[in-house]
**Student:** 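I am attaching a structure below and will ask some questions about it afterwards.
Predicted model, so just to flag it, every value in this text is computed and none were measured. Letters A, B, ... are given to chains in the order of the sequence lines, protein chains preceding strands, and every chain is numbered from 1.
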Protein chains: 2
Amino acid sequence: MKSTLLSAAAVAPALPGDARALPPALPDFELIELLFFAYRDFVGEPDRLLERHGFGRAHHRVIHFINRHPGLTVAELLDILEITKQSLARVLKDLIHGDFVEQKAGAEDRRQRLLFLTDKGRALADGLAAMQHQRISRAVAAIGPEHRPMIARFLAELIDKERGAAPATAPSAS
Amino acid sequence: MKSTLLSAAAVAPALPGDARALPPALPDFELIELLFFAYRDFVGEPDRLLERHGFGRAHHRVIHFINRHPGLTVAELLDILEITKQSLARVLKDLIHGDFVEQKAGAEDRRQRLLFLTDKGRALADGLAAMQHQRISRAVAAIGPEHRPMIARFLAELIDKERGAAPATAPSAS
DNA sequence: GAAATATGTCAACATCATTGACGTAATTTT
DNA sequence: AAAATTACGTCAATGATGTTGACATATTTC
């Protein structure tokens, strides 16, 4: 197994003084792959807890955002998750039938179904969040808590900006 | 839409002097959600390019790792991706039929199928990597390149450690 | 020669996503 | 008040990706 790992580097050698228009800068494979592995494990652990309830990742996202924004409407949830009505309907039905989520008609606009977690739902959401928090907490501790803002900034910069009104993370003050 | 965003904070107020065994530390919702949104967009852009070839995310992963480790065996790829033979077989078949990947029998062990990208495959892999590199590059620039090692460290810490011999990212120097 | 290994393949199934159409209740517009 | 729009639910069909378990074949190792 002769490592051809560095072959790409040989393609664009740093010929000093060569004015070739911007040498194509090697892809940052390290961060690309770290993101892949990190995210996989980050969601993998919660996945195993969800399995016990017969739920999947989609259910996780739904109860997470309902937990974060109690009284959220279906339309708002669709905006955040960027999935279709049909995709949401399925998992929402599971969650409501399993008594993890409940709906209340909107007070002002009675067409709306405001979404809330039941105690059971909140317990699950908290359990899942605790797992992910634990993992993040360890990682933040490893780099030193003073660098946490940099992580947040970095991740925020990875997000598409041209989306209607930042999704749900920052805009608590809007 | 009265923001109930901070309601969780009210659950565990910092009662100074209260010796309650380790107040349950609020989940770091900000980083949890940033990871979700960041990863979604990070893979979403490549997804759109892959669509034009009739491929999906699974194809992306496969050509990525073959590109990174030319001559990789099927078993090694399965170890990295942590999927089943059947899942890999499907996408690998697509990629081989589409002339993006080619197999060669191992020289020492002729049972093995060593995997290589064709020129076409390499072009696609490079295009996808360029997209992700661009995104990461912008984000690194935003926080200042001197902080990149911290990002790498943070992400590495998110990864499960109890896995057989670190996956493929760091150990190039081992 | 027998056993283990690397790979391929088949059938069946689950989850999560999609599109497009249609129905109903409630609100808003004209 | 009728008409249009909105919020939501639902049905049917489909696709991508993952799973398990069984079995076949070629090759290597003991």
Side-chain angles (χ1 to χ4, degrees), chain A residues 1 36 39-40 43-44 46-64 66 71-98 101-116, chain B residues 1 36 39-40 43-44 46-64 66 71-98 101-116:
Chain A
M1 222 194 292
F36 168 62
Y39 191 76
R40 181 174 66 183
V43 298
D47 279 355
R48 292 193 289 278
L49 171 55
L50 289 157
E51 256 175 43
R52 293 186 220 156
H53 297 275
F55 294 153
R57 222 168 272 183
H59 301 82
H60 184 178
R61 294 179 195 132
V62 168
I63 66 172
H64 172 90
I66 298 177
L72 198 69
T73 67
V74 170
E76 288 164 345
L77 193 46
L78 287 174
D79 278 350
I80 293 175
L81 298 178
E82 293 181 4
I83 58 176
T84 56
K85 229 192 324 182
Q86 187 63 288
S87 293
L88 176 56
R90 225 184 355 231
V91 301
L92 204 45
K93 183 184 292 181
D94 292 342
L95 291 169
I96 290 169
H97 286 171
V101 169
E102 58 184 359
Q103 294 181 322
K104 293 175 187 170
E108 296 169 8
D109 186 338
R110 300 194 23 239
R111 289 171 305 181
Q112 297 179 330
R113 302 302 150 85
L114 310 186
L115 302 170
F116 298 89
Chain B
M1 214 193 298
F36 168 63
Y39 191 77
R40 181 174 64 184
V43 297
D47 279 354
R48 292 193 290 277
L49 171 55
L50 289 156
E51 257 176 41
R52 293 186 219 156
H53 296 275
F55 294 152
R57 221 167 274 183
H59 301 83
H60 184 177
R61 293 178 196 136
V62 168
I63 65 172
H64 172 90
I66 296 177
L72 199 67
T73 67
V74 170
E76 287 165 345
L77 193 46
L78 288 173
D79 277 351
I80 293 174
L81 297 177
E82 295 183 1
I83 59 177
T84 57
K85 227 193 325 182
Q86 187 63 289
S87 293
L88 176 57
R90 231 187 343 246
V91 302
L92 204 46
K93 183 184 295 181
D94 293 343
L95 291 169
I96 290 170
H97 286 172
V101 169
E102 58 183 0
Q103 294 182 321
K104 293 176 187 168
E108 297 170 7
D109 186 337
R110 300 194 21 241
R111 290 170 304 180
Q112 296 180 331
R113 302 302 149 87
L114 309 187
L115 303 170
F116 297 90

**Student:** Can you figure out which of D:dT28, D:dT17, C:dT18 approaches the side chain of B:A58 most closely?
**Tutor:**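 Selected nucleotide: D:dT17.
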**Student:** Record whether the side chain of B:R111 comes under 3.5 Å of the base of D:dT28 through a donor-acceptor pair of N or O atoms.
**Tutor:**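 It does not, because no donor-acceptor pair links the side chain of B:R111 to the base of D:dT28 below 3.5 Å.
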**Student:** So A:R90, base contact, sugar-phosphate only, or nothing? Heavy-atom distance under 4.0 Å.
**Tutor:**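 Base contact.
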**Student:** Any base atoms under 4.0 Å from A:H60, or only sugar-phosphate, or nothing? Heavy atoms, all strands.
**Tutor:**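 Since no nucleic acid heavy atom lies under 4.0 Å of A:H60, the category is nothing.
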**Student:** Can you tell me if B:T84 touches the phosphate of D:dT19, counting only side-chain N or O atoms and a distance under 4.0 Å to OP1 or OP2?
**Tutor:**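 True: B:T84 side-chain N/O within range (under 4.0 Å) of D:dT19 OP1/OP2.
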**Student:** Nearest whole Å is fine: how far is C:dT18 C1' from B:R48 CZ?
**Tutor:**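 Spelled out: CZ on B:R48 to C1' on C:dT18 is 16 Å.
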**Student:** May I ask you to say what A:Q103 touches in the nucleic acid, namely base, sugar-phosphate or nothing, with a heavy-atom cut-off under 4.0 Å?
**Tutor:**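 Sugar-phosphate only.
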**Student:** So which nucleotide from D:dG9, C:dT27, C:dC16 ends up closest to the side chain of A:D109?
**Tutor:**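 The listed nucleotide nearest to A:D109's side chain is C:dT27.
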**Student:** With a 4.0 Å cutoff (strictly under), does any side-chain N or O of A:H59 reach OP1 or OP2 of C:dC16?
**Tutor:**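 Answer yes for this pair, as a side-chain N or O of A:H59 is under 4.0 Å from OP1 or OP2.
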**Student:** Mark yes or no for whether A:R40, through its side chain, and B:L81, through its backbone, hold a donor-acceptor pair below 3.5 Å.
**Tutor:**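 Confirmed, A:R40 side chain pairs with B:L81 backbone.
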**Student:** Of all the choices, D:dG21, D:dC8, C:dT18, which nucleotide is nearest to the side chain of B:Q86 once you look at every atom?
**Tutor:**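 Of the candidates, D:dG21 comes closest.
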**Student:** On the 0 to 90° scale, with breaks at 30° and 60°, tag the A:H59-A:F55 ring pair as parallel, tilted or perpendicular.
**Tutor:**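 Parallel.
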**Student:** Any side-chain heavy atom of A:L92 within less than 4.5 Å of one from A:L115?
**Tutor:**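 SC-SC contact between A:L92 and A:L115 confirmed.
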**Student:** Side-chain N or O of B:S87 versus OP1/OP2 of D:dT19: is the shortest distance under 4.0 Å?
**Tutor:**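 Yes, B:S87 has a side-chain N/O under 4.0 Å of OP1/OP2 on D:dT19.
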**Student:** For B:E82 and D:dT19, give me the distance from atom CD to atom C1', rounded to whole Å.
**Tutor:**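 Atom CD in B:E82 sits about 15 Å away from atom C1' in D:dT19.
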**Student:** Which nucleotide wins on minimum distance to the side chain of B:R113, given the candidates C:dT7, D:dC8, C:dC16?
**Tutor:**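 Per side-chain heavy atoms of B:R113, the pick is C:dT7.
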**Student:** Which nucleotide in the list D:dC8, D:dT10, C:dT7 gets nearest to the side chain of B:A75?
**Tutor:**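 Taking heavy atoms from C-beta onward, the closest nucleotide is C:dT7.
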